[in-house]
Amino acid sequence: MIIELNTDLVPYAAEVVNGVSHEVKKYERLNDAFTNRWLTASSNRCTVRLLRQEEPDVKDGYQFVVPTNTFFTFDLNGKKLRSPEQDMQKTLFVNNGTVEIVSTQPGGGFNGRNHMKAQTEKGVAIRNLGRLTVKGIPFSDFCALGANGVIYNGGEFLSLEKVSMLAYNASCVAQGDHGRRTVLTDCDLACCPYAVVKGPIGKIEMSGGCIRTLQEAPLAVSIGGTCQFEMKSGEIASGMIYVQGKGNVAMYDGFVKGSSSAESCFTAASTNAEIEVFSGCFGYEVPKAFIYKGKCAEVRVYPGYPFEVVPCDPNQRPEIAWVVETKTKYPSVQDAIDAVKIAGGFQTIELLSPTHPFRTLEFPEDVAMTLDLKGYRITKLGPKEPVIRNRGTLTLTDSSTNAAGVVTVFGLTNGCARTDAGGIVLNEGTFTLDGGTLRGAGARCGGGIFNATNGCCYIDGGTVMECQAGE
């Protein structure tokens with residue numbers, strides 16, 4: 001028998017380790033650990049290690065705050081910092097010191113619990129007002145009611161290394177009015193409908209990694225004021241670079257696919273905007289890749305450098321799923337479903353990558369098929385309708401070796417999505433859950449699965465978790 005320890009019941013929230021004397025002090029509250037006097041001397045090489053999942057409460061002012069003149073490594077230790085149930089207008093973690101955030105054990109990260117944040121706060125997960133480095137940390141389930149960033153840099157320096165994030169109704173990274181420098185290294189950032197990265201001042205640098213918009217949102221990077229954006233390498237897989245005010249963009253290498261709605265890779269939107277391209281690949285032919293809205297906007301493309309134009313069909317979308325029997329790939333799960341319907345059913349659809357549908361996946365009546373998650377995640381954007389509506393015969397399974405396939409929703413309110421019936425699955429036919437995880441949704445009836453009066457539901461495997469039913 002395996003007994004799993006509930007880390008929320010661990011009596012201490014954190015411990016402070018002095019790297020020189022090797023002394024250790026434990027604290028019941030994380031904010032108290034941040035006030036340890038050892039942290040005021042960088043020579044102590046201190047580490048604050050998280051000992052349990054933590055979320056700030058009323059005693060913390062509903063946020064964790066690192067004081068000024070502190071120097072330490074913050075080790076999440078495989079645990080998560082979670083947004084609180086109350087007072088969702090506060091930033092989860094505010095840094096005023098010199099801090100490096102890591103996780104020496106797998107599983108550590110920041111979790112927004114899918115609450116909608118008010119846009120009055122600068123930074124949903126992190127507000128940096130000092131010097132901060134974040135290494136290899138995932139940010140999940142963060143939403144907002146405006147373009148304010150999940151991570152906000154209003155300080156001297158912010159470095160994100162191998163950070164992954166998917167944001168809904170918020171920018172991933174925003175450099176504020178007092179931010180000086182933000183460095184993105186090998187990050188995977190995606191959001192909609194706002195720009196993934198934005199800034200009015202200072203400098204933002206990108207080296208490696210991928211920036212992408214969801215639901216064909218046009219802006220991947222938005223630069224204004226006197227901000228500089230320097231792209232050394234990496235990929236902007238969807239969306240364009242938008243420059244206004246006295247903003248400056250310098251591209252030295254990498255790939256910019258561009259916006260299918262604007263059919264361009266770069267837009268200079270003011271007379272003082274500057275765009276310099278030394279080398280790289282584009283999704284649209286030069287000079288069509290550039291739109292000039294300012295009469296005197298300065299765009300310099302250096303022809304002596306090696307350019308490669310990657311032809312981009314505005315109607316072409318990535319391959320998301322395929323039908324196993326026909327070996328035909330499709331740009332969306334719904335397209336694959338429609339193809340199986342035309343073929344008469346009795347076929348299997350396998351996911352080829354994660355997908356973020358905005359509308360409910362409709363499985364038609366009188367058609368039988370299997371949806372195999374293959375270890376990938378279906379994350380529906382928007383909480384008002386279920387992820388899946390089945391009126392036929394549907395089997396949901398996950399044949400991946402690590403059983404990592406998940407069906408969930410994003411953009412929730414009050415802790416869970418609220419539909420009338422079926423947070424994840426509304427079944428009006430025959431539905432069999434054979435594998436995969438239905439997670440993190442809610443409804444007035446059937447937080448995970450709602451089986452209508454004319455429906456038949458069988459659970460032969462898989463998991464339903466973190467789903468709520470009720471008003």
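Each residue takes its place number in the sequence, starting with 1. All values reported here derive from a predicted model rather than from experimental measurement.
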Between Glu54 and Lys79, does any NZ, NE, NH1 or NH2 come within less than 4.0 Å of an OD or OE carboxylate oxygen?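 Looking at Glu54 together with Lys79, the answer is no, because their closest N to O distance does not fall below 4.0 Å.
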Please find out if less than 6.0 Å separates the ring center of Tyr27 from that of Phe34.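 When the ring centroids of Tyr27 and Phe34 are compared, they turn out to be at least 6.0 Å apart.
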side-chain contact (heavy atoms from CB on, under 4.5 Å) between Val99 and Phe72: does it pass, once the steps are laid out? CA-CA 5 Å; Val99 178; Phe72 64 93; 3.7 Å; yes
Find the distance between [atom1] ([X]) and [atom2] ([Y]) and round it off to the nearest 0.5 Å.
X: Tyr242; Y: Ser222; atom1: OH; atom2: OG; result: 7.0 Å
X: Phe71; Y: Glu100; atom1: CZ; atom2: CD; result: 14.5 Å
X: Ile236; Y: Ile211; atom1: CD1; atom2: CD1; result: 5.0 Å
X: Leu214; Y: Leu166; atom1: CG; atom2: CG; result: 5.5 Å
X: Ile151; Y: Arg127; atom1: CD1; atom2: CZ; result: 13.5 Å
X: Gln105; Y: Leu50; atom1: CD; atom2: CG; result: 12.5 Å

Has the side chain of [X] got a donor or acceptor atom that lies under 3.5 Å from a matching backbone atom of [Y]?
X: Asp75; Y: Thr104; value: yes
X: Lys80; Y: Gly107; value: yes
X: Thr360; Y: Pro386; value: yes
X: Asn153; Y: Val173; value: no

Report the residues that fulfil side-chain contact (heavy atoms from CB on, under 4.5 Å) with [X], sequence neighbours left out, ordered by chain and then residue number.
X: Ser207; result: Lys232, Ser233
X: Glu350; result: Trp322, Val324, Thr348, Asp372, Lys374
X: Ser400; result: Asp398, Asn402
X: Pro200; result: Asp177

Looking only at non-hydrogen atoms, find the nearest pair between [X] and [Y] and report the distance.
X: Cys227; Y: Gly199; result: CB-O, 3.3 Å
X: Tyr152; Y: Gly176; result: OH-CA, 3.2 Å
X: Ala14; Y: Val48; result: CB-CG1, 4.3 Å
X: Tyr194; Y: Ala170; result: CD1-N, 3.8 Å
X: Thr408; Y: Val387; result: O-CG2, 3.6 Å
X: Gly108; Y: Leu76; result: C-CD1, 4.1 Å

Would you call [X] and [Y] a side-chain contact if the rule is heavy atoms closer than 4.5 Å?
X: Glu276; Y: Asn248; answer: yes
X: Asp60; Y: Arg29; answer: yes
X: Ile101; Y: Phe93; answer: yes
X: Val256; Y: Met231; answer: yes
X: Thr91; Y: Tyr62; answer: no
X: Ile320; Y: Pro331; answer: no
X: Val221; Y: Val196; answer: no
X: Asn169; Y: Pro193; answer: yes

List the steps and the verdict of side chain to side chain donor-acceptor pair (under 3.5 Å) for Ser238 and Thr213. CA-CA 6 Å; Ser238 58; Thr213 62; 3.2 Å; yes
Please identify each residue that fulfils side-chain hydrogen bond (donor to acceptor under 3.5 Å, both in side chains) with [X], with sequence neighbours left out.
X: Lys162; result: none
X: Asn77; result: none
X: Ser103; result: none
X: Tyr376; result: none

Pairs in or reaching into residues 37-47: which pass side-chain hydrogen bond (donor to acceptor under 3.5 Å, both in side chains), with residues at least two apart or in two chains?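 Those involving residues 37-47 do not exist here.
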Apply side chain to side chain donor-acceptor pair (under 3.5 Å) to residues Thr182 and Gln175 and explain how you reach the verdict. CA-CA 7 Å; Thr182 297; Gln175 182 154 283; 2.5 Å; yes
Passes side chain to side chain donor-acceptor pair (under 3.5 Å), Asp141 versus Tyr168? Steps please. CA-CA 8 Å; Asp141 301 335; Tyr168 177 76; over 6 Å; no
For the pair Lys25 and Glu15, evaluate salt bridge (Lys or Arg N to Asp or Glu O under 4.0 Å) and give the outcome as yes or no after the intermediate values. CA-CA 5 Å; Lys25 290 186 178 180; Glu15 64 183 13; over 6 Å; no
Apply side-chain contact (heavy atoms from CB on, under 4.5 Å) to Met206 and Glu230, showing your working. CA-CA 6 Å; Met206 176 182 176; Glu230 188 175 276; over 6 Å; no
Residue from Val66, Asn95, Val94 passing side-chain contact (heavy atoms from CB on, under 4.5 Å) with Leu129: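 For Leu129, the side-chain contact (heavy atoms from CB on, under 4.5 Å) test succeeds with only one of Val66, Asn95, Val94, which is Val94.
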Of Val464, Leu396, Val425, which is the lone residue that meets side-chain contact (heavy atoms from CB on, under 4.5 Å) with Val407?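 Only one option passes, and that is Leu396.
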Could you walk me through whether Ile241 and Phe229 pass the side-chain contact (heavy atoms from CB on, under 4.5 Å) check? CA-CA 9 Å; Ile241 299 177; Phe229 178 73; 4.0 Å; yes
Taking it one step at a time, do Cys172 and Val150 satisfy side-chain contact (heavy atoms from CB on, under 4.5 Å)? CA-CA 5 Å; Cys172 291; Val150 174; 5.5 Å; no
Which pairs count as salt bridge (charged side-chain N to carboxylate O under 4.0 Å, His left out) when at least one residue sits in residues 178-188, sequence neighbours excluded?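 Residue pairs passing salt bridge (charged side-chain N to carboxylate O under 4.0 Å, His left out), neighbours aside: Arg181-Glu205, Asp188-Arg212.
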With sequence neighbours left out, which residue pairs that include part of residues 122-141 fulfil the ring-ring contact (aromatic ring centres under 6.0 Å, His included) condition?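 Sorted pair list: Phe110-Phe139.
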Restricting to ring-ring contact (aromatic ring centres under 6.0 Å, His included), what partner residues turn up for Phe64, sequence neighbours left out?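 Not a single residue meets the ring-ring contact (aromatic ring centres under 6.0 Å, His included) criterion with Phe64.
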